[in-house]
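The chains referred to below are lettered A, B, ... by the order of the sequence lines, with proteins before strands, and numbering in each begins at 1.
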Amino acid sequence: MLTLSPWIFWFGLAACAYMAWNIGANDVANAMGTSVGSHAITMKQAVILAAVFEFAGAFLVGGHVTETVRKGIVSTEAFQGHADLFVLGMLAALLAAGIWLNLATFLGLPVSTTHSIVGSVVGFGLVVGGIGAVNWGKLGSVVMSWFISPFAGGLMAWLTFTFIKRTVLTSWNPVRAARRVVPLLLIPVMVVLVLSLLYKGLKNLKLNVGFNQALLIGLAVGIVSYILMRFFLLFKFTHRPGKRKEASQQVEDIFAYLQVGTACYVAFAHGANDVANAIGPFAAIVAVFKSGDLSMAVPVPMWVLGLGGVGIVVGLGTWGYKVIETIGNKITSITPSRGFSAEFATATTVLICSKMGLPVSTSHTLVGSVIGVGLARGIAALNLKVIRNIVNSWLITVPATAVVTIVIFLLLKAVAL
Amino acid sequence: MRRTIFELFAKSPFGPLQDHMRKVMDCVRLVPSLFEALEQGDNTRLKEISEKVDKAEFEADEIKNQIRSDLPSTIFTPVDRGDLLDILRFQDRISDAAEDVAVLLNMKDLPFPDELAAYFWRFMEQVMITVEQYAKISEELDELMEASFGGAEAGKVMEMITVLGEMEHETDRKQQELLKKLLTMEEELGALNIVLWMRVFQLAGDIANGAERTGNRVRLFLSK
């Protein structure tokens, strides 16, 4: 059925790398920005940590999410016997999303990589299969996620920061309170982290662990971390602070440890979720080239996941570096306790939503989380104008990428067929 | 450069608000030396210090305008925007009052009778104690932010504001005593000088008044 020349395959590989590079350049700031901004970690450390955890997330957990993008939004049944069109469409989707991200970065628009690829795939479905080829129910859930992920992130962050505020920041002896509460917070952090790793996560490594088992392991890891952290803090923060200012500083220093952990986790979750955006369409192309048609379900090859991971890390190293740097120097009003609240909320919300099969955007959730911390009387000042711009860019991304995909697809069809 | 979601974070208004108050205090702390120069009849020094007062007041105004332009209605702060701008306005009035005192003392050679001096310095001291109390409260603003305007820190600042109110009340009492004394000196000073001195008391009293009012605005942060 496949009549396309093999160079289309290599072209697809390049498009996939291009998309991964853009994801790395764009989104990594979300994972590391608050940590650098609060001075919990330095720029250099942020880049290294992000590289390690983005790649680990993409390579170890990235596999199963690709299915949603590839099959969920456009039904493959509509393309039975049209393998050529399907491959060209996926290629157009990759190119369009990559170009859109690149353009958005150039114009300074904070767009979601997830929704760029969703829009692209929708555009492709529309132009090839007509209105019927697009799973509008699935697309509806994407639109829902525009409201759900910021709201859920905001609520979670509000609860987290309010808890920290009540138990630590407003207490008579904040340092002693922090020594008690920070190790406790480590338990849910570890549970969430281990759950996302083990529960369905490491399918690629053939380690299948049930939910209850994963929960138990998570709790065990959490309790061990609790004990270790408790002793560490008792040992590290022994001298009694004199002034209130000194006490606040010590409290934030303690939270900085937590923040490093959550920053790594956000990077990991981001790698896991967003690698799908780069490799999902390419995995579809690989499958078609392998089997000659799209009837067979072929698992995502590990080398494709690895390519996505490397692409993200390279993107981070080239453009992402600059982005974090600007952020690190610009944010002054965020502290580790506030940054932790926003990051923990983001990671947890993204995890829960992913497990529910909702293609949430890390960026959307983080924006909601930051606002949530702000509403809990946390962040000194928030720029509402920027929030408006961001929401506008969310709405424009899907139609814009859909249109670009249609144009590229028609061009490709004219050239290749 | 890429506009990231981290531009969400606007510049904190609390640090600049403290900077403004520090500049206001630079201005206010010169006021006693104005009266020292007056007491010694040293007009050159009086003029010199007045110019310093004027300069500090102008610099405070610059900070004030900067805060206002950094705080458009598209900025969300953990405390009410109106309360924040009120604090700024009331802080500004403190330095305005100080400057008005300096201007008034340069209008005309004002006699400073020895009989008045004891009463006057008791009053002036109380004015300074009151405004210094607010300056201390202002220094707690960033701590209040750290503690999200609640808990132990808020309790401590509430207590400081209560003390500020008591101090201001004491200033009023000392001002009344001083005024009573002044009004017995009509023959010695002449009606015009009496009126001028009354105006000077009023303006110096406004420094303490302004401090108390600003403190009460901080209370609004804490009671919400």
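- Summarising the geometry of B/A147 relative to A/L169, their closest heavy-atom pair is CB-O, 3.6 Å, with the distance given to 0.1 Å.
- The environment of B/K52 atom NZ is sparse: at most 12 non-hydrogen atoms of other residues, nucleotides or ligands sit within 6.0 angstrom.
- Expressed to the nearest 0.5 Å, how far CG of A/L384 lies from OG1 of B/T77 amounts to 9.5 Å.
- Not one N or O on the side chain of B/S148 forms a donor-acceptor pair closer than 3.5 Å with the backbone of A/G378.
- B/D96 meets the salt bridge (charged side-chain N to carboxylate O under 4.0 Å, His left out) test with no other residue; sequence neighbours excluded.
- Counted within 6.0 Å of CZ on B/R93, heavy atoms from surrounding residues, nucleotides or ligands total more than 12; the atom is thus considered enclosed.
- Below 4.5 Å, heavy atoms of chain A meet no heavy atom from residues 18-33 of chain B.
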Criterion side-chain contact (heavy atoms from CB on, under 4.5 Å) on B/F149 and A/T170, from CA distance to verdict
CA-CA 8 Å; B/F149 304 93; A/T170 63; over 6 Å; no
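- Annotation: side chain of A/V370 is in contact with side chain of B/F9 (closest heavy-atom distance under 4.5 Å).
- Of all non-hydrogen atoms in A/I379 and B/P78, the two that sit nearest each other are O-CD, 3.3 Å.
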Does the pair A/R377 and B/V79 meet the rule for a side-chain contact (heavy atoms from CB on, under 4.5 Å), with working shown?
CA-CA 7 Å; A/R377 294 186 119 187; B/V79 295; 4.0 Å; yes
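- Residues of residues 197-213 of chain B having a heavy atom under 4.5 Å from any heavy atom of chain A: none.
- Rounded to the nearest 0.5 angstrom, B/I75 CD1 and A/K385 NZ are separated by 8.5 Å.
- Heavy-atom minimum distance, A/E252 versus B/E146: OE2-OE1, 3.5 Å.
- Among the candidates B/A152, B/G155, B/G151, the residue making the largest number of heavy-atom pairs closer than 4.5 Å to chain A is B/A152.
- The ring-ring contact (aromatic ring centres under 6.0 Å, His included) search around A/W158 returns none, not counting sequence neighbours.
- If you run side-chain contact (heavy atoms from CB on, under 4.5 Å) between B/F76 and each of A/N383, A/I387, A/L375, only A/L375 comes through.
- For B/E143 and A/S248, the side-chain atoms include at least one donor-acceptor pair closer than 3.5 Å.
- Using a 4.5 Å cut-off between heavy atoms, A/K165 touches chain B through its side chain atoms alone.
- Annotation: A/R176, atom CZ; neighbour count of heavy atoms from other residues, nucleotides and ligands within 6.0 Å does not exceed 12.
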